[in-house]
Amino acid sequence: MNKLSRLLTGGLSTPPSPPPTPMRSPSPMRSPVRSPRSPRHYRHVRSKVSRFTTGQRLLWLFLSILLRRQGIFLFAPLVYISCMLLYMGTVAFDIVPIISHRSAPGSVYRSPELYAKLRPDIENDDSSTDAISTIWKIPYEGGEWKPCIKRSSQALPESNGYIYVEANGGLNQQRTSICNAVAVAGYLNATLLIPNFRYHSIWKDPSKFKDIFDQDYFIDTLKNDVWVVEDVPEYLMERFGDDMANVYNFRIKAWSSIAYYKDVVLPKLLEEKVIRISPFANRLSFDAPPAVQRLRCLANYEALRFASPILTLGESLVARMRKHSAINGGKYVSVHLRFEEDMVAFSCCTFDGGEHEKEEMIAARERGWRGKFTRPGRVIRPGVIRINGKCPLTPLEVGLMLRGMGFAKNTSIYLASGKIHNAKKTMVPLLEMFPNLHTKETLASKEELAPFKNYSSRMAAIDYTVCLHSEVFVTTQGGNFPHFLFGHRRYLYGGHAKTIKPDKRKLALLFDGPSIGWKTLKEELLSMRSHSDEKGIELKKPNESIYSFPCPDCMCRLNRTNDSRSSAK
């Protein structure tokens, strides 16, 4: 018998009796059975019971009866619960405990509060060393690099046929398609038709190849390596009713190997003489033999040049930025800010706009990606997204980061961006920290921008040009635009990207620290800037893109000295 049973039965060790038979009158012939309990025992029990209240006596009596039955183990939980309820009913809780929940570090956008606290220190920071004059001074053991793309000097053999591709996406996704198409056509000894740009519902730019790139220069640069023409000969198109839609179309999987093109595409090309590949974005793997990589390098870094109107305006804006940066020797910082409405909506992050912002972003997601974010099972966790460093940096956060990295208030900033979300509010702190801030709209007149105004890819090409020639390029959200600039800047600046790529996971923690001081924040951000400098020269790994890492496929090492530095100082 368990301890509880022993206590409640007066200490008897005998097992409980079986259920009694129904009660009946005692037989006159039966002698009375003497109880094993003495009168002294009952007096002792009565004396203990008398000290209880009536309710407690009834409860004790009820429990005594139950414990005489074998079903005690079935009723034990009920007994326990009843006792607890009775006890709690007799106790008054004057103090109700309050449970507070602290959000996970880095999960909440608290940058405005941090800026309000640190603003006096930021404005009074008169550090003698400015980042624009001291950045990119770390020695590189790998040495410097120079472009060394070999061009063919021999005439091309007879073509195996014509390849027509349709490039999709924005400016730099189209750029990927063009360069990959050049590599495939050259490897298959085929003639490449000038790629066609598919109209996209997001970018909404009907521009053709020649509207963005210098088409004649492209054809001439590749003339000894790949045949490039504008049209298929009429005698071949007659077979297809002069309609490209009737031409055999390959649906090729993303990241297919060049061997697939040789084994599957080439036989059909030899048979049909004209083939079509649509769509053609990311349809060739990054890991390719040297012959394919050479053609990619040649197309991207040498053959693709922006059309004359874009190039002329872009170079004019570069000159104007250098003039605005005369105090810093003509050096300026360019920032690719991805804080447009579509990016903010797509990220599913929350900022400081409250319920109005939440409803606005839900509507924007539904307009741009109908049903994508509301399908069953889709769970959106803004806090987790922020902790993982996936939220776009706000203009305020960009300002905090750059000031913390040592860039002075008079530093010239070029902002490459679309229409900033809620700009009247969000741009105020950035302009307070960097009043010498410019965009293509502030540098160029309305008349100069008029030919490009309604064409997103042409406007992006102008931004690309100004960012390419800045002393520092800052990326805030990733994407094709910065990735192409990483590689292009490495190609121009001795193998060094001269780019700040912040650790956004760490930034989320730093900007969520209510107790952090300006000195500590600045130390952390200077360390982050130094890390970007160290990672400026990187060699391409097997599955990485030559568009971001041109060394060693597109560039050759100059030396291996331990004290060599970036060529641009």
Side-chain angles (χ1 to χ4, degrees), residues 156 159 161-188 190-234 236-237 242-245 247 249-250 252 274-284 295-315 451-465 468 480-481 484-485 487-488 547:
L156 287 167
S159 173
Y162 294 82
I163 295 179
Y164 171 84
V165 302
E166 290 189 349
N168 58 316
L171 172 67
N172 291 287
Q173 199 168 355
Q174 292 169 344
R175 194 178 187 113
T176 303
S177 299
I178 294 166
C179 297
N180 288 346
V182 168
V184 168
Y187 193 76
L188 300 183
T191 300
L192 177 66
L193 289 169
I194 289 292
N196 181 52
F197 293 166
R198 300 179 72 178
Y199 182 81
H200 197 283
S201 59
I202 294 179
W203 287 276
K204 298 179 180 179
D205 189 339
S207 297
K208 303 300 182 185
F209 186 99
K210 63 182 179 182
D211 297 322
I212 301 173
F213 299 104
D214 189 330
Q215 184 169 297
D216 293 336
Y217 182 83
F218 179 75
I219 294 172
D220 185 65
T221 304
L222 297 172
K223 64 183 179 183
N224 291 330
D225 291 278
V226 182
W227 289 109
V228 182
V229 298
E230 290 189 65
D231 301 298
V232 178
E234 291 185 9
L236 283 176
M237 286 305 297
D242 294 320
D243 188 353
M244 190 59 72
V247 174
N249 183 47
F250 274 99
I252 296 176
V274 183
I275 61 168
R276 185 163 57 100
I277 306 177
S278 176
F280 193 73
N282 303 322
R283 293 301 188 266
L284 179 62
L295 291 171
R296 276 172 156 167
C297 294
L298 180 61
N300 186 52
Y301 295 114
E302 298 293 335
L304 277 180
R305 185 172 74 181
F306 289 128
S308 181
I310 294 173
L311 196 61
T312 299
L313 180 58
E315 290 177 345
F452 316 100
K453 195 67 176 178
N454 297 320
Y455 302 95
S456 60
S457 292
R458 301 184 209 182
M459 295 286 273
I462 295 170
D463 278 339
Y464 186 100
T465 302
L468 183 63
N480 288 310
F481 186 92
F484 267 91
L485 275 166
H488 209 153
Y547 309 127

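- Heavy atoms only, all atoms of each residue included: Asp205 and Ser456 are closest at OD2-N, 3.3 Å.
- Checking side-chain atoms of Ser159 against main-chain N and O of Ala190 turns up no donor-acceptor pair under 3.5 Å.
- Contact between Leu298 and Thr221 at its shortest, heavy atoms only, is CD1-CG2, 4.4 Å.
- Looking only at side-chain heavy atoms (C-beta outward), Asn196 and Lys208 come within less than 4.5 Å of each other.
- Under the rule for a side-chain hydrogen bond (donor to acceptor under 3.5 Å, both in side chains), Asn172 has no partner lying at least two apart in sequence or in another chain.
- Of all heavy-atom pairs spanning Ala461 and Ile310, the tightest one is CB-CG2, 3.6 Å.
- Side-chain atoms of Asn180 and Tyr547 include a donor-acceptor pair closer than 3.5 Å.
- Note that the CZ atom of Arg305 and the OG1 atom of Thr465 stand 12.0 Å from one another [nearest 0.5 Å].
- Partners of Cys297 under the disulfide bond (SG atoms under 2.5 Å apart) rule, at least two apart in sequence or in another chain, are Cys554.
- To the nearest 0.5 Å, atom OG1 of residue Thr176 and atom CZ of residue Arg283 are 12.0 Å apart.
- Checked against side-chain hydrogen bond (donor to acceptor under 3.5 Å, both in side chains), Asp225 has the following partners two or more places apart in sequence or in another chain: Arg294.
- Here the closest non-hydrogen pair linking Ile212 and Ser457 is CD1-CB, 3.6 Å.
- Contacts of Glu230 classified as side chain to side chain contact (heavy atoms under 4.5 Å, CB included), with partners at least two apart in sequence or in another chain: Ile194, Gln215.
- Scored by the side-chain hydrogen bond (donor to acceptor under 3.5 Å, both in side chains) test, Arg458 finds Ser207 as partners (sequence neighbours excluded).
- By the ring pair (Phe, Tyr, Trp, His ring centres under 6.0 Å) test, Tyr162 is found to be paired with no residue, residues two or more places apart in sequence or in another chain being considered.
- Checked by atom type and distance alone, the side chain of Asn249 pairs as donor or acceptor with a backbone atom of Ser278 at under 3.5 Å.
- Sequence neighbours left out, the pairs with a member in residues 165-176 that pass salt bridge (Lys or Arg N to Asp or Glu O under 4.0 Å) are Glu166-Arg198.
- Under the ring pair (Phe, Tyr, Trp, His ring centres under 6.0 Å) criterion, Phe481 pairs with His336, Tyr464, not counting sequence neighbours.
- Residues passing the side chain to side chain contact (heavy atoms under 4.5 Å, CB included) test with Ala183, sequence neighbours excluded: Leu284, Val292, Leu295, Arg296.
- Minimum interatomic distance between Asn168 and Pro279 (heavy atoms only, all atoms of both residues): OD1-CB, 4.1 Å.
- Counting only residues at least two apart or in different chains, ring pair (Phe, Tyr, Trp, His ring centres under 6.0 Å) contacts with residues 210-230 comprise Phe209-Phe213, Phe209-Phe218, Phe213-Phe306.
- To the nearest 0.5 angstrom, Glu315 atom CD is 12.0 Å from Ile462 atom CD1.
- Minimum heavy-atom separation, Ser177 to Ala281: OG-CA, 3.6 Å.
- Using a 4.5 Å heavy-atom cutoff, the side chains of Tyr164 and Pro195 are not in contact.
- By the 4.5 Å heavy-atom criterion applied to side chains, Phe250 and Arg276 are not counted as neighbours.
- Under the rule for a side chain to side chain contact (heavy atoms under 4.5 Å, CB included), the partners of Ala307 that lie at least two apart in sequence or sit in another chain are Pro309.
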side-chain contact (heavy atoms from CB on, under 4.5 Å) between Cys179 and Leu304, worked out: CA-CA 9 Å; Cys179 297; Leu304 277 180; 3.9 Å; yes

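- Rounding to the nearest 0.5 angstrom, the gap separating the CE atom in Met459 from the CG atom in Leu171 is 13.0 Å.
- The salt bridge (Lys or Arg N to Asp or Glu O under 4.0 Å) check on Lys223 picks up Asp220, with sequence neighbours excluded.
- For the pair Ile163/Thr191, no side-chain contact is recorded, criterion being any heavy-atom separation below 4.5 Å from C-beta on.
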